[in-house]
Amino acid sequence: MVRLGFIIGFIALIGVLFSGLAAYRVHDQELMLEGVAMARAIDVHASLVQDRLTERELLARVASGLFRAPSVISASMLQPLRSSIYAFKTDFVVASWFARLQPNELDAASKELANQNFPNPMIRSFDDQPLDVSLLNRAEDVLMDVEPRNKDTIGFPGRSYDRHPILGPMFERAMAEGKPVASDPLPLLRADGPVGIVLAAPVLQESGTQTAGFVTFSYELAPLMLFNDDLSLFSVVLRDPRNAGQELVAISRDNIVSRMVGSESPAPSMVRKVGFGGRDWSLAYYAKSRAVTRPQQTAAIVAAIGLALTGIVCGLFGYVAYNNLRLSREIQVRIGFERRLTAVIDELNHRVKNILAVIQSIVTRTLRHGSDMDVARELLIGRIHAMSNVVSLLSESQWQGVKLKGLFEARAIPHAERIAVSGPDIAVSARAAQSLSLLFFELASHSDEGLSLVGKHPHIVAQWEVTGEEPEAIFNFRWEEFNTSEATRRADSDFGLILLDRVAPEALGGTSKRFFTDVSYVYELTAPMETVIDMTERDRTEQLSAPVRRGR
């Protein structure tokens, strides 16, 4: 009996040791997995915050670039921009135009505000106190126009914000650096209003490099921080740039409160920095308690099962082995998923940067100095619509190419109903699709808008063919506008000529030519099929979109 008890006791001891070891291993692995999931979730959140901030800074840059300020003494400077700024983002609280006025221009500005029916056209300080013009010896940044105009904003025009403790230094820095600058957090609209950030972009005078004024956009802070709900793994706060010992916490989507951070306060799990308005902002992430409780609960369950199966050594060993194998597979799957997700994000960032670079080039070329604003705006919107259409088509195909005939849809190019399309419906690569979409828009937008010499709209024929055998196949494209001539066809813009003669051929590795015949205008493009299809890009996309395999 003693010997049997010793054996049973020894088996029980082995079972307890194995149960404890299994519990410790599960706890450690689950804790590691929770840490990986937490870090990944925080990185994704910080990336989304940075993307939102970059979009809003891009809006400020585009808005300041669209400005033409022959005379800054105007209370309707935002009128030409209203459709553009609402087309980008509509979550700003207030968009404003601040004119940089000399003391001798303040009377004229007051009269202009009165003509626009603002309730208080008098030029005054930011706290509504009158300004003594005789004591002024420098330019004043006066609010001349706001959007939207409602009961909360209609009383703001006429105020000078040079002496404002937050906006004044922001204007000085924006004027010195010549680029958008963000302010410190401050209440918007009123003293007890929502906490937000103001982004100011300097606008230069048409003749010279002097600052004519500033375009500003005010945003509530809570939506920019992407406020998390109760189901998230963490809570996020913003380190207050005004005070290192304070943090700004989003209690709800419309409520931001400040709290003190002392030496006894818990340290954040992670800190990430994001850039906005020429400044670095620190986001602190605090893990919630349940993220630590789950590994402990899992370890306790494993220990209970191990103790219950202490008398069955083989069953205990089988359970531990199976449990370890299951956990190992889960780790491999999660690690593989993280690597695949990182590769996909890198690829997406690369493609988004390329698209943004193309859009920046389109905006710069279209809105060049001296261009007609109405024509330039129409061309800019059309070119961006063309880019948007091709991006939509690429997303639908998971970036594995676009059917060439899909680039001739009516939503992408004008006069689509007058274009006769013929040719094999080949799938072109993402890079080729972007270039061809802009090319087709330029050709269609410059076709005759009136009647031709024979009293009819030009008849347009777009046709292509593939000649030769792989890998020497050649793509031949021909665009021909019948019943038109050099005298009746609308002249190509500078951007259009660069696109037709250089950008599109170079992007496809081919050549192009354009000419007039007796009865038509012709544009021809020739390129190797290996650059039009780009199998390397397709293979890379297929690898990224393939499902993650479970480890063995």
Side-chain angles (χ1 to χ4, degrees), residues 60 63-64 67-81 92-147 149 152-184 186-191 193 196-218 277-278:
S64 62
F67 254 83
R68 291 294 180 269
S71 173
V72 298
I73 307 177
S74 174
S76 59
M77 292 292 285
L78 293 178
Q79 182 64 34
L81 291 180
F92 60 83
V93 179
V94 181
S96 307
W97 161 245
F98 286 84
R100 191 162 181 80
L101 304 177
Q102 299 298 327
N104 59 358
E105 297 176 322
L106 297 182
D107 289 339
S110 180
K111 294 178 181 179
E112 174 65 14
L113 291 173
N115 292 335
Q116 290 293 325
N117 298 322
F118 286 108
N120 189 359
M122 180 180 65
I123 306 301
R124 56 203 186 278
S125 64
F126 69 92
D127 53 0
D128 261 353
Q129 298 300 317
L131 287 178
D132 189 349
V133 179
S134 62
L135 299 179
L136 300 179
N137 56 4
R138 63 174 187 177
E140 296 286 327
D141 295 319
V142 179
L143 178 58
M144 294 294 294
D145 195 8
V146 294
E147 175 65 28
R149 295 184 183 182
D152 294 325
T153 63
I154 196 69
F156 289 162
R159 297 184 182 183
S160 172
Y161 284 82
D162 278 352
R163 295 163 188 81
H164 192 280
I166 296 179
L167 300 184
M170 177 191 66
F171 288 145
E172 292 293 333
R173 182 180 173 189
M175 183 172 60
E177 296 182 3
K179 60 183 181 180
V181 172
S183 70
D184 288 334
L186 76 167
L188 302 178
L189 299 178
R190 55 189 179 276
I197 297 176
V198 178
L199 182 65
V203 176
L204 300 180
Q205 296 178 353
E206 289 189 351
S207 58
T209 59
Q210 296 297 322
T211 301
F214 304 90
V215 180
T216 67
F217 294 91
S218 304

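Contact of the Phe171 side chain with the Thr216 side chain is registered, since non-hydrogen atoms from C-beta on lie closer than 4.5 Å. Between Ser74 and Met144 there is no side-chain heavy-atom pair separated by less than 4.5 Å. The closest side-chain heavy-atom distance from His164 to Arg159 is not below 4.5 Å. At a threshold of 4.5 Å between non-hydrogen side-chain atoms, the residues Leu167 and Leu186 count as touching. For the pair Phe126 and Leu143, the minimum side-chain heavy-atom distance is 4.5 Å or more.
Among all heavy-atom pairs drawn from Ser96 and Val146, the shortest one is OG-CG1, 4.0 Å. Of all heavy-atom pairs spanning Asp162 and Ala139, the tightest one is OD2-O, 2.9 Å. Here the shortest heavy-atom pairing between Arg138 and Gln102 reads C-OE1, 4.5 Å. A pairwise comparison of heavy atoms in Ser218 and Leu188 identifies CB-CD2, 4.0 Å as the closest pair. Val215 and Ser64 get closest at one heavy-atom pair: CG2-CA, 4.5 Å. Closest heavy-atom contact between Trp97 and Met77: NE1-CG, 3.2 Å.
Expressed to the nearest 0.5 Å, how far CZ of Phe92 lies from CD of Glu147 amounts to 6.0 Å. Here CG of Leu136 is found 11.0 Å from CG of Leu101. Values are rounded to the nearest 0.5 Å. Atom CG of residue Asn120 and atom CZ of residue Phe156 lie 12.5 Å apart, to the nearest 0.5 angstrom. For the atom pair CD (Gln116) and CD1 (Ile154), the distance works out to 9.5 Å, reported to the nearest 0.5 Å. For the atom pair CZ of Phe217 and CG of Leu199, the computed distance is 8.0 Å after rounding to the nearest 0.5 Å. One finds the CG atom of Asn104 at 8.0 Å from the CG atom of Leu106 (value rounded to the nearest 0.5 Å).
A salt bridge between Glu140 and Arg163 is present, with a side-chain N of the basic residue lying under 4.0 Å from a carboxylate O of the acidic one.
Remark: side-chain polar atoms of Ser183 are not paired, donor with acceptor, to backbone N or O of Ile166 under 3.5 angstrom. At least one donor-acceptor pair closer than 3.5 Å links the side chain of Arg173 to the backbone N or O of Gly278. Side-chain N or O atoms of Asp145 include one that pairs as donor or acceptor with a backbone N or O of Leu78 at under 3.5 Å. Here the side chain of Glu112 pairs a donor or acceptor atom with the backbone of Ala75 at under 3.5 angstrom.
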In sequence, state the C-alpha distance, the side-chain angles, and the governing distance for Met175 and Arg100, and then conclude on side chain to side chain contact (heavy atoms under 4.5 Å, CB included). CA-CA 11 Å; Met175 183 172 60; Arg100 191 162 181 80; 3.5 Å; yes
